[in-house]
Engineer: 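Handing you this structure, nothing more for now.
Keep in mind the model is a prediction, meaning the values are calculated, not measured. Position 1 is the first residue of the sequence, and the numbers go up from there.
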Amino acid sequence: MNDHQVIVIGAGPTGLTTACLLAAYGVPVLVLERNAAPLDIPRAIIADDEGMRTFQSFGLVGDYGPGAMPSEGARYYDDSGNCFAVTGTGTPAYGFPRRIYINQPDLETVLRRRAAELGVELRFSSEVTELEQREGDILVTVRDAEGGLHRIATQYVAACDGGRSPVRERLGIALQGSTYAQDWIVIDTRNDPDESRFTRFFCSDQRPGASIPAPNGGRRYEFMLLPGETHDEVLAPAMVRELVAPHRALDEADIIRKTIYTFHARIAERFREGRILLMGDAAHLTPPFAGQGMNAGLRDAANVAWKLAAVVRGGASPAILDSYFDERRDPAWAMIQLAVAMGDIIMPLGSAGRDFRQMLLERLAPFPAVRDYLMQMRFKPRPRHPRGLFLDLDDQPFEGAIVGEMIPQPMVEGPQGSIRLDEALGPGFALIAQDRAGAAALAACPDTTLAGLPLGRASLGFDAPAPAAAGVPALRVTETAVGRPLRTHRDQVLLVRPDRYAAAAFSPKALEAGLAAYARLLGS
């Protein structure tokens, strides 16, 4: 057996999260990072509720780094300074605020600490130079800080090595999509006088920009470069001060970082090559307008880790890894298109774009619900997979069925007190019942694992106490509005995957046969 059943390339948020998830399932993991030390510069600045739910699954709850703070939404301003649209905080459907402002170096410090606690081995100054796929494993060649070469055999490689992924380039996997014609300057600052906790978008037809809160009294400013402006010109201290001047006086000492970004809307033509899986920016690149770059990578980690764990632990067929592309490609591309749409509608450049936006707002004035749907970006795709490892995805008997979707995470009251639902379900798969027949079926079910991973269970009560059954935790849902989508399956037993997507729904009498059918789907 290999000492490390999975090697993760890249110690950014996607790589560290993948490693933590695998280690939590008992899979030995090695993380290889080509840099000599962690990058101490802010990059990602927003973690969303789905990403934080993933952190929760391996014991990271509430500790996202010093100063991390929930967002209070966004404001959109025109050239006259008028606020023409407001985005609120939204309903916390998955157990956490919709958005939290984070400092990426601090978050990565917390992730590295948790990875070490889970037994993950992390090696810096370790550049992967070759990947040789063999019949039963993959041989990874690594160059260390002294230039020495080492070869490590492993079962699978998770390539989380960034937008310029050397692994993707080595495999010859093309990126599809486009690159924005305009570059942007990003300026991270400290000691900012603006203490608001909402993002400000300056939807100018002259120079679009944004001001984003950052932890510990900081703020990020982003401005689009105009035609003819060079990188050196815009990065010059005088120009940086000029750009930020309408918002604050800026001393050189208050600048943490200033850099030029080129925004991409691109996705890999495939995410898997044999025993190698592309994840995060190596698989897809998104403009920043929707704040989804890092969070898309966290979704990849949640999708891949449990499948890899099931495969290497012998509980599932390697064929299930193909479902990673099937499940993540369309949702990832939808989020990329959402970011593109936000850029086009909210930040038009030129009078034509501005006039179109103004006309759109005026025409929608008699229809406030439609206007809010557009301007508050309520068309963000729900966490749902159009295909993949689900049973009867397109043949559910009840309207409003959530099979294929991420289940909500309300607060519940039970033997452990008031906790989030996932904490009661435990790691791995879970079965949820809501009536007496379902609770009795859970009590009679002898299975404690599925595909080699834990199989938890719980009985939920909404308007009445949870049905009791021997050995089945009875939980009262205290956030009934959040948990309401679960009520569609009140007469069924819901099978929930480790990434908290509803995998199937069975009648209580069909529970044993349903679990067997899902095990066959996984090749168990």
Engineer: Given side chains that start at C-beta, do those of Ile402 and Leu486 come closer than 4.5 Å, heavy atoms only?
Structural biologist: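 Of all side-chain heavy-atom pairs linking Leu486 with Ile402, at least one is under 4.5 Å.
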Engineer: For the pair Arg266 (side chain) and Leu285 (backbone), establish whether a donor and an acceptor sit closer than 3.5 Å, ignoring hydrogens and angles.
Structural biologist: no
Engineer: Step by step, would you call Ile9 with Val157 a side-chain contact (heavy atoms from CB on, under 4.5 Å)?
Structural biologist: CA-CA 7 Å; Ile9 303 176; Val157 166; 3.6 Å; yes
Engineer: Thinking salt bridges, do Glu327 and Arg384 make one under a 4.0 Å N-O criterion?
Structural biologist: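 Salt bridge absent between Glu327 and Arg384.
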Engineer: Is the side chain of Ser71 donor-acceptor paired with the backbone N or O of Phe198 at a distance under 3.5 Å, no angle test?
Structural biologist: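 Not confirmed, Ser71 side chain does not pair with Phe198 backbone.
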Engineer: Determine, step by step, whether Thr199 and Tyr101 satisfy the side chain to side chain donor-acceptor pair (under 3.5 Å) criterion, reporting the C-alpha distance in whole Å, the side-chain angles of both residues, the deciding distance to 0.1 Å, and the verdict.
Structural biologist: CA-CA 10 Å; Thr199 297; Tyr101 297 116; 2.9 Å; yes
Engineer: Between Leu431 and Leu495, is there a side-chain heavy-atom distance shorter than 4.5 Å?
Structural biologist: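 Contact flag for Leu495/Leu431 side chains = yes.
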Engineer: If you define the side chain from C-beta out and look only at heavy atoms, does anything of Pro13 sit under 4.5 Å from Glu108?
Structural biologist: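 When only atoms from C-beta onward are counted, Glu108 and Pro13 do touch, with a gap below 4.5 Å.
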Engineer: Enter the distance from Glu479:CD to Leu421:CG here, rounded to the nearest 0.5 Å.
Structural biologist: 10.5 Å
Engineer: Would a 4.5 Å heavy-atom cut-off, applied to side chains only, mark Gln492 and Leu494 as touching?
Structural biologist: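 No. Closest side-chain heavy atoms not under 4.5 Å.
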Engineer: With a 4.5 Å limit on heavy-atom distance, are the side chains of Cys20 and Phe55 in contact?
Structural biologist: no
Engineer: With side-chain contact (heavy atoms from CB on, under 4.5 Å) as the criterion, how do Arg476 and Val412 come out once you've worked through the C-alpha distance, each side chain's angles and the decisive distance to 0.1 Å?
Structural biologist: CA-CA 5 Å; Arg476 182 175 66 88; Val412 297; over 6 Å; no
Engineer: Please work out whether the ring planes of Tyr324 and Phe271 are parallel, tilted or perpendicular, with thresholds of 30° and 60°.
Structural biologist: tilted
Engineer: Counting N and O atoms only, with roles assigned by atom type, does the side chain of Arg98 sit under 3.5 Å from a partner on the main chain of Gly73, one being a donor and the other an acceptor?
Structural biologist: no
Engineer: Can you check side-chain contact (heavy atoms from CB on, under 4.5 Å) on Gln133 and Ile276, steps first, answer last?
Structural biologist: CA-CA 9 Å; Gln133 301 209 52; Ile276 304 169; 3.6 Å; yes
Engineer: Relative to the ring of His489, is the ring of Phe398 parallel (under 30°), tilted (30 to 60°) or perpendicular (over 60°)?
Structural biologist: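 Ring orientation, 0 to 90° scale: perpendicular.
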Engineer: Walk me through whether Glu50 and Arg53 qualify under salt bridge (Lys or Arg N to Asp or Glu O under 4.0 Å).
Structural biologist: CA-CA 5 Å; Glu50 295 175 56; Arg53 190 177 193 177; over 6 Å; no
Engineer: Enter the distance from Asp49:CG to Met406:CE here, rounded to the nearest 0.5 Å.
Structural biologist: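 Spacing of CG (Asp49) from CE (Met406) equals 8.0 Å.
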Engineer: To the nearest 0.5 angstrom, please state how far the OG1 atom of Thr18 sits from the CG atom of Asn303.
Structural biologist: 10.5 Å
Engineer: Would the distance check show the side chain of Thr286 and the main-chain N or O of Gly293 forming a donor-acceptor pair, the cut-off being under 3.5 Å?
Structural biologist: no
Engineer: Specify the closest pair of heavy atoms between Leu455 and Ala430, including all atoms of both residues, with the distance to one decimal.
Structural biologist: CD1-N, 4.0 Å
Engineer: Could you walk me through whether Asp300 and His284 pass the side chain to side chain donor-acceptor pair (under 3.5 Å) check?
Structural biologist: CA-CA 10 Å; Asp300 293 346; His284 37 71; 2.6 Å; yes
Engineer: Regarding Arg275 and the six-membered ring of Tyr156, is the cationic atom NZ or CZ under 6.0 Å from the ring centre and inside 45° of its axis?
Structural biologist: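 Yes.
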Engineer: Which distance, rounded to the nearest 0.5 Å, do you find between the CG of Leu475 and the OG of Ser418?
Structural biologist: 10.5 Å
Engineer: May I have the step-by-step check of side-chain contact (heavy atoms from CB on, under 4.5 Å) for Leu277 and Leu308, ending in yes or no?
Structural biologist: CA-CA 10 Å; Leu277 297 104; Leu308 273 177; 4.2 Å; yes
Engineer: So, Arg457 side chain and Leu442 main chain: donor-acceptor pair closer than 3.5 Å or not?
Structural biologist: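 Yes: the side chain of Arg457 pairs with the backbone of Leu442.
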Engineer: Do NZ/NE/NH1/NH2 and the carboxylate oxygens of Asp499 and Arg497 come within less than 4.0 Å?
Structural biologist: yes
Engineer: Looking only at atom types and distance, does a side-chain atom of Arg43 sit under 3.5 Å from a main-chain N or O of Gln104, one as donor and one as acceptor?
Structural biologist: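 No, because the side chain of Arg43 does not come within donor-acceptor range (under 3.5 Å) of the backbone of Gln104.
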Engineer: Would you say Arg164 has more than 12 foreign heavy atoms packed within less than 6.0 Å of its CZ?
Structural biologist: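 Check fails, neighbour count at 12 or below.
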Engineer: Would a distance-only check, ignoring hydrogens and angles, find a side-chain to backbone donor-acceptor pair under 3.5 Å from Ser323 to Ile320?
Structural biologist: yes
Engineer: Donor-acceptor check, side chain of Asn295 to backbone of Asp48, threshold 3.5 angstrom: yes or no?
Structural biologist: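 It does hold such a pair.
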Engineer: Evaluate the ring planes of Tyr64 and Phe96, with Trp represented by its six-membered ring, and classify them as parallel (under 30°), tilted (30 to 60°) or perpendicular (over 60°).
Structural biologist: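 Ring orientation of Tyr64 relative to Phe96: perpendicular.
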Engineer: Ala296 and Arg328: which non-hydrogen atoms are nearest, and at how many Å?
Structural biologist: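 Distance-wise, the nearest heavy atoms are O-NH2, 3.2 Å.
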Engineer: Count the heavy atoms of every other residue, nucleotide or ligand shown that sit under 6.0 Å from CZ of Arg387, and state whether that count exceeds 12.
Structural biologist: yes
Engineer: Supply the atom-to-atom distance His264 NE2 to Ile336 CD1, rounded to the nearest 0.5 angstrom.
Structural biologist: 11.5 Å
Engineer: To the nearest 0.5 Å, how far apart are OH in Tyr518 and CZ in Phe390?
Structural biologist: 6.5 Å
Engineer: Applying side chain to side chain donor-acceptor pair (under 3.5 Å), run through Gln56 and Gln409 and close with a yes or a no.
Structural biologist: CA-CA 12 Å; Gln56 175 194 357; Gln409 184 180 202; 2.9 Å; yes
Engineer: Do you know the tightest heavy-atom contact between Ala302 and Thr54?
Structural biologist: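 Closest approach of Ala302 to Thr54: CB-OG1, 3.6 Å.
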Engineer: May I ask you to test the Pro166-Asp161 pair for a side-chain heavy-atom distance under 4.5 Å?
Structural biologist: yes
Engineer: For Glu117, does the CD atom sit with more than 12 other heavy atoms under 6.0 Å from it, leaving out its own atoms?
Structural biologist: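 Check passes, neighbour count above 12.
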Engineer: Which atoms form the tightest heavy-atom contact between Gly404 and Tyr501, and what is the distance?
Structural biologist: O-CD2, 3.4 Å
Engineer: Does Leu511 reach the side chain of Cys445, with side-chain heavy atoms less than 4.5 Å apart?
Structural biologist: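 Side-chain contact under 4.5 Å: yes.
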Engineer: Donor-acceptor check, side chain of Arg299 to backbone of Ala332, threshold 3.5 angstrom: yes or no?
Structural biologist: no
Engineer: Over all heavy atoms of both residues, which pair between Val8 and Cys160 is shortest? Give the atoms and the distance, please.
Structural biologist: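 Between these two residues, the closest heavy atoms are CG1-SG, 4.0 Å.
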Engineer: For the pair Ser524 (side chain) and Ala316 (backbone), establish whether a donor and an acceptor sit closer than 3.5 Å, ignoring hydrogens and angles.
Structural biologist: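 The answer is no, because no donor-acceptor pair under 3.5 Å joins these two groups.
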Engineer: Could you pull out the closest heavy-atom pair between Ile100 and Pro70, with the gap in Å?
Structural biologist: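 Result for this residue pair: CG1-CA, 4.0 Å.
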Engineer: Can you check whether Leu139 reaches Arg134 side chain to side chain, under 4.5 Å on heavy atoms?
Structural biologist: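 Yes. Closest side-chain heavy atoms under 4.5 Å.
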Engineer: Apply salt bridge (Lys or Arg N to Asp or Glu O under 4.0 Å) to Asp435 and Arg490, showing your working.
Structural biologist: CA-CA 7 Å; Asp435 66 0; Arg490 62 175 67 88; over 6 Å; no
